[in-house]
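Step one of this worksheet: look at the structure below.
Each ligand, and each atom within it, is numbered from 1 in the order the structure gives. When reading the values below, keep in mind they use all heavy atoms of this one structure, side chains included, and skip hydrogens, waters and symmetry mates.
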Amino acid sequence: MPAPHWPAPTATTPVTAIVPLPGSKSVTNRALLLAALADGPGVVRQALRSRDADLMVAALRALGTTLTPMRETSAGVDWQVTPGPIRGGAHIDVGLAGTVMRFVPPVAALADGPVSFDGDPHARKRPMGPILDALRALGARIDNDALPFTISGPLAGGEVTLDASGSSQFVSGLLLAAARFEKGITIRHVGPPVPSLPHIEMTIEMLRAVGVRVDAGERDVWRVEPGPIAARDMTVEPDLSNAAPFLAAALVTGGTVTIPAWPLHTTQAGDALRDLLTTMGATVTRTPAHSTSPATTAAGVDATTAGSDPTATGSGATATGSGATAADLGTAAMGSGATATVSGTTTTGSGTTTTGSGTTTTGSGTTSTGPGTTDLVVTGTGHITGIDADLRDVGELTPTIAALAALASTPSRIRGVSHLRGHETDRLAALATEINRLGGDAEETDDGLIIRPRRLHGGTFHSYDDHRMATAGAVIGLAVPGVEVENIATTAKTLPEFVQMWTAMLEAR
Ligand SMILES: O=C(O)C1=C[C@@H](OP(=O)(O)O)[C@@H](O)[C@H](O)C1
Ligand SMILES: C=C(OP(=O)(O)O)C(=O)O
């Protein structure tokens, strides 16, 4: 029996909350895969625990990697990763995870036997053709052009031309494993512009951090030299794209939301929120590293932090740890794929202590930041301005921006995101349908959405098994009484604790 719809809470007062976030899906799944291909045992710290990350762990195990949890805290899981020979005969469930369906097949093509892949019903509809054709051109045999398929090596590598306008993950997937191909790889993109270029940057930065030589000097051409992938101790940044709905709550309610441990340098798409939310009427500031509860020391927990400001600067804010959130994310923010070894790492347990300075923590939230991060503070007025934006580089932010646009007082146009039709669902169709179902005025265009101001009413907001559709419904529900989100549990794809975090944010004072 399907779970009942989730009544999205309406905010009655401005939110004032500190929301530490767990690790980035994109960084976690790259770090795990690179560790599995490395030349010795390595560590991935503060990795996200979520459906997509669990699917990556299961896939790598099936292919012969040993992944052992060393420690699990609210900050995520620290994995000891011991590579093994890549084993054939495995079956990989990709779920609905783009990072698993596009990043793992190039690894499977290195196995000593065939590997089969399948996923959720909708995963069979997500584009796979260009990466499967590229793998064929590089030597692999594959029996289909979409999921389900079986892939067999060997894969020599070499030069390949593909159209990556449907997903940057076609390029990232090939680049991540390419150092292990006999000839490495040269990829040439031919076609309409490649979306999500910062995600390809993330791939390149993380490859370079493990000693792989990557040449990305020419537009739409990427070259990876064959060679070893170094085993490292990597730490995962907080998920800035998952900050989007929480930061949006500041705009909708005229409140303030603080995200600790926002990296000063990052390739994550979510960093674009700083500009996007400013354009929509928010004030966005960075403040020095924040420690939500420096005196908090849960049993068995070392509350010493590395490089953090030991003074609480809560200014009346409340942390909404809710057990889901990262502790000491500052040390998680040493750059995506950073090869730094964490020092002075702090973790939190579930104990909570309220401390002075007007700062309250709820749940298990001891958060501190280390070098290279600040707090990100977003304050709204309750009045949202529409936006005209090309989101091609940061398409995964579209559902939140569209939800804000549906509540804005001036029209919005979102451009450059036709590739969203191949995401977890056709996000352009889904957003237009669901906003209009609530009485809104949203129109699909070839490459985006036009959303005009119109008063919304309550009703069901369908999620289409898409985590970001579900959180978009929650954002609209803050301002519109009676919104019920169908299948809120789908947020487990990247943020299993979404409901608890959202509730804690709204209860924080
Ligand atoms: O490489 C990655 O981690 C991702 C790349 C992007 O995919 P597309 O280029 O298909 O949009 C992004 O939307 C997705 O959420 C994660
Ligand atoms: C497009 C997304 O995910 P995936 O990694 O499954 O492509 C997303 O998270 O917005």
| said: Counting only nitrogen or oxygen atoms and a 3.5 angstrom limit, does R102 reach ligand 2? | reply: no
Atoms of ligand 2 under 4.0 Å from any heavy atom of H467, numbered from 1 in the order shown, are 8 (C), 9 (O), 10 (O)
Output for ligand 1, non-hydrogen cut-off under 4.0 Å, lists K25, S26, R30, T99, F103, S167, S168, Q169, S196, H199, E396, H419, H423
| message | Between T203 and S172, do the side chains contain a donor N or O and an acceptor N or O under 3.5 Å apart? | response | yes
Looking just at side-chain N and O atoms, do R51 and H467 make a donor-acceptor pair shorter than 3.5 Å?
-> no
Less than 3.5 Å apart, any donor N or O on the side chain of E205 or T267 sitting next to an acceptor on the other?
no
Quick note on ligand 2: atoms under 4.0 Å from a heavy atom of R427 include exactly 1 (C), 8 (C), 10 (O)
Query raised in the report: Is there a donor-acceptor contact under 3.5 Å linking the side chains of D239 and T494?
Result: no
Taking only non-hydrogen atoms of G98 and a 4.0 Å limit, the atoms of ligand 2 in range are 4 (P), 5 (O), 6 (O), 7 (O)
For R421 and D446, the nearest pair of non-hydrogen atoms, with its separation, is NH2-O, 3.7 Å
Going by atom types alone, do D52 and S50 pair a side-chain donor with an acceptor below 3.5 Å?
no
Here the atoms of ligand 2 under 4.0 Å from any heavy atom belonging to A97 are 6 (O)
Atoms of ligand 2 under 4.0 Å from any heavy atom of Q169, numbered from 1 in the order shown, are 4 (P), 5 (O), 7 (O)
Exactly one candidate in T373, D271, D375, T374 meets side-chain hydrogen bond (donor to acceptor under 3.5 Å, both in side chains) with W262; the answer is D271
Note: ligand 2 atoms sitting under 4.0 Å from heavy atoms of R126 are 4 (P), 6 (O), 7 (O)
Next item on the list: For E486 and H462, test the side chains for any donor-to-acceptor distance below 3.5 angstrom and give the result as yes or no.
Entry: no
- Message: Is it true that, when you exclude R286 itself, more than 12 heavy atoms of the residues, nucleotides or ligands shown sit nearer than 6.0 Å to its CZ?
- Response: yes
Closest heavy-atom approach to atom 8 (C) of ligand 2 among H423, K493, E424 is made by E424
Item to complete: Give the C-alpha distance, both sets of side-chain angles, the deciding distance and a yes or no for side chain to side chain contact (heavy atoms under 4.5 Å, CB included) between H419 and S196.
Response: CA-CA 10 Å; H419 67 289; S196 312; 3.9 Å; yes
